[in-house]
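To keep things clear, I will list the structure first and then write my remarks on it.
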Amino acid sequence: QVQLVESGGGLVQAGGSLRVSCVASGRAFGRYTMGWFRQGPGKDREFVAAVAWSGGTTYYADSVKGRFTISRDNDKTTVYLQMNSLKPEDTAVYYCAADYLPRSGAQPTVESEYDFWGQGTQVTVSS
């Protein structure tokens with residue numbers, strides 16, 4: 001079993017920055033693809049960003065490309081999401097997710113690929 005605990009959410013003004021973190025415990029962290037998803041008020045949960053086990057391959061939703069950066073520190077079993085130039089539409093609960101030993105052809109942007117989820121951290125961007 002894997003536990004994921006997010007932190008770093010909060011209230012920020014539009015144009016500001018915030019970094020959210022997710023610490024994983026349990027199985028070998030280096031064998032996971034890690035992702036961030038978000039769910040805004042009245043919306044479905046959507047993909048934000050993902051990073052492969054090595055940290056060398058990253059994926060981003062078009063809506064955050066160029067503003068958000070995902071990274072991971074395997075020694076600290078932590079994945080980060082640095083969010084810059086925040087907009088009110090980025091307001092959401094941000095969830096960390098882990099895909100253990102991704103299958104061949106796995107799509108990191110797809111929610112159903114992920115095996116474990118955190119409880120989420122609220123990010124609110126005021127206009």
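In what follows, residues are counted from 1 in the order of the sequence shown. The analysis underlying the following values was restricted to heavy atoms, covering all of them including side chains, and did not include hydrogens, waters or symmetry mates.
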Run the side-chain donor-acceptor check on residues 4-14: report pairs under 3.5 Å with partners two or more places apart or on a different chain.
{"from": "Glu6", "atom 1": "OE1", "to": "Gln119", "atom 2": "N", "distance (Å)": "3.1"}
{"from": "Glu6", "atom 1": "OE1", "to": "Gly120", "atom 2": "N", "distance (Å)": "2.9"}
{"from": "Glu6", "atom 1": "OE2", "to": "Cys96", "atom 2": "N", "distance (Å)": "2.8"}
{"from": "Glu6", "atom 1": "OE2", "to": "Gly120", "atom 2": "N", "distance (Å)": "3.1"}

Q: Measure from the ring center of Phe68 to the ring center of Trp36 and say whether it is less than 6.0 Å.
A: no
Q | Set of side-chain hydrogen bond (donor to acceptor under 3.5 Å, both in side chains) partners for Ser17, sequence neighbours left out | A | Asn84
(Q) I'd like to check the salt bridge (charged side-chain N to carboxylate O under 4.0 Å, His left out) partners of Arg19; sequence neighbours left out, ordered by chain and number. (A) none
Q: Please answer whether the main-chain N or O of Ala24 pairs with a side-chain N or O of Thr77 as donor and acceptor at a distance below 3.5 Å.
A: yes
**Q.** Residue pairs passing the salt bridge (Lys or Arg N to Asp or Glu O under 4.0 Å) test where at least one lies in residues 115-127, sequence neighbours excluded
**A.** none
Q. Partners of Arg67 by side-chain contact (heavy atoms from CB on, under 4.5 Å), sequence neighbours excluded?
A. Val64, Ser85, Lys87, Asp90
Q | Which residues share a side-chain hydrogen bond (donor to acceptor under 3.5 Å, both in side chains) with Thr124, sequence neighbours left out | A | Gln122
**Q.** side-chain hydrogen bond (donor to acceptor under 3.5 Å, both in side chains) involving Gln39 - partner list, sequence neighbours excluded
**A.** none
Q: Using side-chain hydrogen bond (donor to acceptor under 3.5 Å, both in side chains) as the criterion, list what pairs up with Glu113, not counting sequence neighbours.
A: Arg103
Q) For Val110, what are the other residues in its hydrophobic cluster, where any two members join if their side-chain heavy atoms are less than 4.5 angstrom apart? A) none
**Q.** Full working for side-chain contact (heavy atoms from CB on, under 4.5 Å) between Tyr95 and Thr121
**A.** CA-CA 7 Å; Tyr95 296 93; Thr121 185; over 6 Å; no
Q. Looking at OG1 of Thr109 and OH of Tyr59, how far apart are the two atoms once the value is rounded to the nearest 0.5 Å?
A. 9.0 Å
Going by atom type alone, with no hydrogens or angles, which donor-acceptor pairs under 3.5 Å involve a side-chain atom of residues 43-53 and a protein atom two or more places apart or on another chain?
{"from": "Arg45", "atom 1": "NE", "to": "Glu111", "atom 2": "OE2", "distance (Å)": "3.1"}
{"from": "Arg45", "atom 1": "NH2", "to": "Glu111", "atom 2": "OE2", "distance (Å)": "2.8"}
{"from": "Glu46", "atom 1": "OE2", "to": "Arg38", "atom 2": "NE", "distance (Å)": "2.7"}
{"from": "Glu46", "atom 1": "OE2", "to": "Arg38", "atom 2": "NH2", "distance (Å)": "3.2"}

**Q.** Partners meeting side-chain contact (heavy atoms from CB on, under 4.5 Å) with Val123 (sequence neighbours left out)
**A.** Leu18, Val20, Met83, Tyr94, Val125
Q.
Starting from Tyr80 and following side-chain heavy-atom contacts under 4.5 Å between hydrophobic residues (I, L, V, M, F, W, Y), which residues can be reached?
A. none
